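Because the structure is predicted, anything quoted here is derived from the model rather than measured. The chains referred to below are lettered A, B, ... by the order of the sequence lines, with proteins before strands, and numbering in each begins at 1.
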2 protein chains.
Amino acid sequence: MKKVIIVGHKNPDTDSIISAIAAQELFSNLGFEAQARRAGEVNNETKFILKKLDIVMPDLVTALQEDETVMLVDHNEESQVFDQLDYNKVSHIIDHHKLAVKTEVPIFCRVESIGSTSSLIAKMFFERGIELSQKTAQLLMSGILSDTLNLTSPTTTVEDKELLEKLNEIAELNIDVFVTEMFEAKSSLDGISVEDIIRIDYKSFEMGEYNVGVGTWETTMPESVSTKKAEIIQALIREKEAVKLDYVFFMVVDILKQNCQLYLVGEKEQELAVKVFAGKINDDEMFLPGVVSRKKQIVPQLTEMLSK
Amino acid sequence: MKKVIIVGHKNPDTDSIISAIAAQELFSNLGFEAQARRAGEVNNETKFILKKLDIVMPDLVTALQEDETVMLVDHNEESQVFDQLDYNKVSHIIDHHKLAVKTEVPIFCRVESIGSTSSLIAKMFFERGIELSQKTAQLLMSGILSDTLNLTSPTTTVEDKELLEKLNEIAELNIDVFVTEMFEAKSSLDGISVEDIIRIDYKSFEMGEYNVGVGTWETTMPESVSTKKAEIIQALIREKEAVKLDYVFFMVVDILKQNCQLYLVGEKEQELAVKVFAGKINDDEMFLPGVVSRKKQIVPQLTEMLSK
């Protein structure tokens, strides 16, 4: 039987953990010896969901065995894969992000412009007519609700809504209650240091000739983070120097009011942000109303400017 | 309605024309205003199939309208797209080749390690439960039979065989008779110049730092081509100089006896072929028993050596 290790990106978010667990079930059904793993510490939201649904946390990914290949879920760029991975061992990609893939042989690649990788995996279950347990349906719904911020993010598609409804015929979840609890868990700073705040949902990108880091913190309580702004900015500056970034940005996203405070750690970031987002800077931050999505509202805009 | 132009690679083979036509039907069913196009002159096999099935040849692709995006079928690398195309206009990829894709936003990408792009499109029809007409089923079968050399190529998977059987429940084709006629048409040199022989199924690749061209001619009558070897090699040398290639190779594939004569136009090609394929060179060619697939048996091996 083909052995495949399924893993999301470094600094895993909820969707990247959930899509790995669900893909394990899907590909076991398709005849693979599939094992979900995680590429780092998980956040409080993910912990809440797995505990609530009584699902075992995947183990941390380790070095591969000779006969194992890797399925990347919720990411595809080499800069986001776990540190020990030789990219040539990637046999499958299931994702909903922009593509930066180069392989020496044909692999399985399923990428769509859809709200979450969990949506795509739900779609693949339905396409293949594989029965979903109530728990798996609830799990996939959690992934969709998390990544689309309860269907409010601009990344949300009609398909996400339809899939969520179809899943809830099996899951029978009270979505309002569940989302409120989930977002409270996401916003909780229990056991979270300033370093954790910038690391937990952080991604790096190659934009033109530049290396750019963009962290984000989605919360229902932005004030709990903004009181730590000075410390966060110092930590970002240390990170920027340590990994030799050209730019680093940090988004504090208010998921209820649907806006973002973009933290700007230095003059370079301030100049670029003014050019790209045309907002006003007050006290090292730029307020961006309506902006909640790094993928759709921050990264393409920065990439376009830095690729000129 | 979303407008999408569907097009295969330059120097189109049968699979790249057929998968464009079938994808037009599939995506029209999915709510797109979809139009199949071709990126060059088609070969005698493709002409035979479309005539036999009474299907209209797609028009040559032209400059895009502002509101149109492009679906690449049967290819994904920038070096193989049609000349006028801005790669940023690509919204969809359906393919079965190695990946070299970089996008600024998430797009639809469906790639699998399967025998033909026609197989993948057949699979997508079945997944979505969209009814296939007898003609479309016959068309998709032709694409599978062509690209897998009647299921004999090493690129063939169990899934190709299953899809072919499932399609033939609708198509009701006498496969043996059809394949014989198809391969005769493929092998015919009617109206084919030496320049056509090298151009008709030719692809270029970036391998490490090198630009490499690999042409192939699949035939049931290799002697009809080998009598023109000297002229073919001269034409290859001219092509190599004209487009500044580092290496150029040409495969004459005997699809009945399942072997290949690899034409080697100069010392550089000879040295590389000896290193990679370890065969003996006689009179500017290397005999490679069992080798029929550029994708699986030539390109990865050359790429590996040239990337060192």
Side-chain angles (χ1 to χ4, degrees), chain A residues 2 30-31 69 74-78 87-88 90-117 120 123-130 154-155 157-159 205-208 293 295-297 299-307, chain B residues 2 30-31 69 74-78 87-88 90-117 120 123-130 154-155 157-159 205-208 293 295-297 299-307:
Chain A
K2 283 185 188 168
L30 296 174
T69 65
D74 201 38
H75 70 307
N76 68 81
E77 298 192 34
E78 194 156 4
Y87 199 83
N88 287 319
V90 174
S91 61
H92 294 68
I93 292 170
I94 304 177
D95 193 12
H96 69 134
H97 294 91
K98 68 193 176 84
L99 283 158
V101 181
K102 196 159 181 165
T103 65
E104 287 183 15
V105 293
I107 66 167
F108 178 103
C109 180
R110 180 81 188 252
V111 178
E112 296 190 21
S113 180
I114 197 168
S116 70
T117 303
L120 194 45
K123 191 172 165 181
M124 291 169 74
F125 267 100
F126 290 129
E127 279 173 0
R128 285 162 179 76
I130 297 170
T155 57
T157 66
V158 175
E159 227 175 344
F205 302 89
E206 286 177 27
M207 299 183 183
S293 167
K295 185 168 81 170
K296 206 127 183 167
Q297 297 172 300
V299 170
Q301 290 77 359
L302 290 175
T303 305
E304 199 195 342
M305 182 66 78
L306 291 177
S307 303
Chain B
K2 283 186 189 166
L30 296 174
T69 65
D74 200 39
H75 69 307
N76 67 81
E77 298 192 33
E78 193 156 6
Y87 199 82
N88 287 319
V90 175
S91 60
H92 294 69
I93 292 170
I94 304 178
D95 193 12
H96 69 133
H97 294 90
K98 69 194 174 85
L99 284 158
V101 181
K102 196 160 180 162
T103 65
E104 286 183 14
V105 293
I107 66 167
F108 179 102
C109 180
R110 179 81 187 251
V111 178
E112 296 190 22
S113 179
I114 196 168
S116 69
T117 304
L120 194 45
K123 190 172 167 182
M124 291 169 74
F125 267 101
F126 290 130
E127 279 173 359
R128 286 161 177 75
I130 297 169
T155 56
T157 66
V158 175
E159 227 176 344
F205 302 89
E206 287 177 26
M207 300 183 182
S293 167
K295 185 168 81 171
K296 204 128 182 168
Q297 297 171 301
V299 170
Q301 291 77 0
L302 290 175
T303 305
E304 198 194 343
M305 182 66 78
L306 291 176
S307 303

Working to the nearest 0.5 Å, report the span between CZ of Phe108(A) and CD1 of Ile114(B). 10.0 Å

Closest approach of Pro106(B) and Ser113(A), non-hydrogen atoms and distance? O-CB, 3.8 Å

If you tally heavy-atom pairs under 4.5 Å against chain B, which of Thr155(A), Ile93(A), Thr303(A), Ile107(A) wins? Ile107(A)

With a cut-off of 6.0 Å (strictly less than), are more than 12 heavy atoms of other residues, nucleotides or ligands near CD of Gln297(B)? yes

If I measure from the heavy atoms of chain B, does Lys295(A) come under 4.5 Å with its side chain, its backbone, both, or neither? side chain

Strictly by salt bridge (charged side-chain N to carboxylate O under 4.0 Å, His left out), give each pair with a member in residues 94-111 of chain A just once, sequence neighbours left out. Glu77(A)-Lys98(A), Arg110(A)-Glu112(A), Arg110(A)-Glu127(A)

Heavy-atom count check: over 12 atoms from other residues, nucleotides or ligands less than 6.0 Å from Glu206(B) CD? no

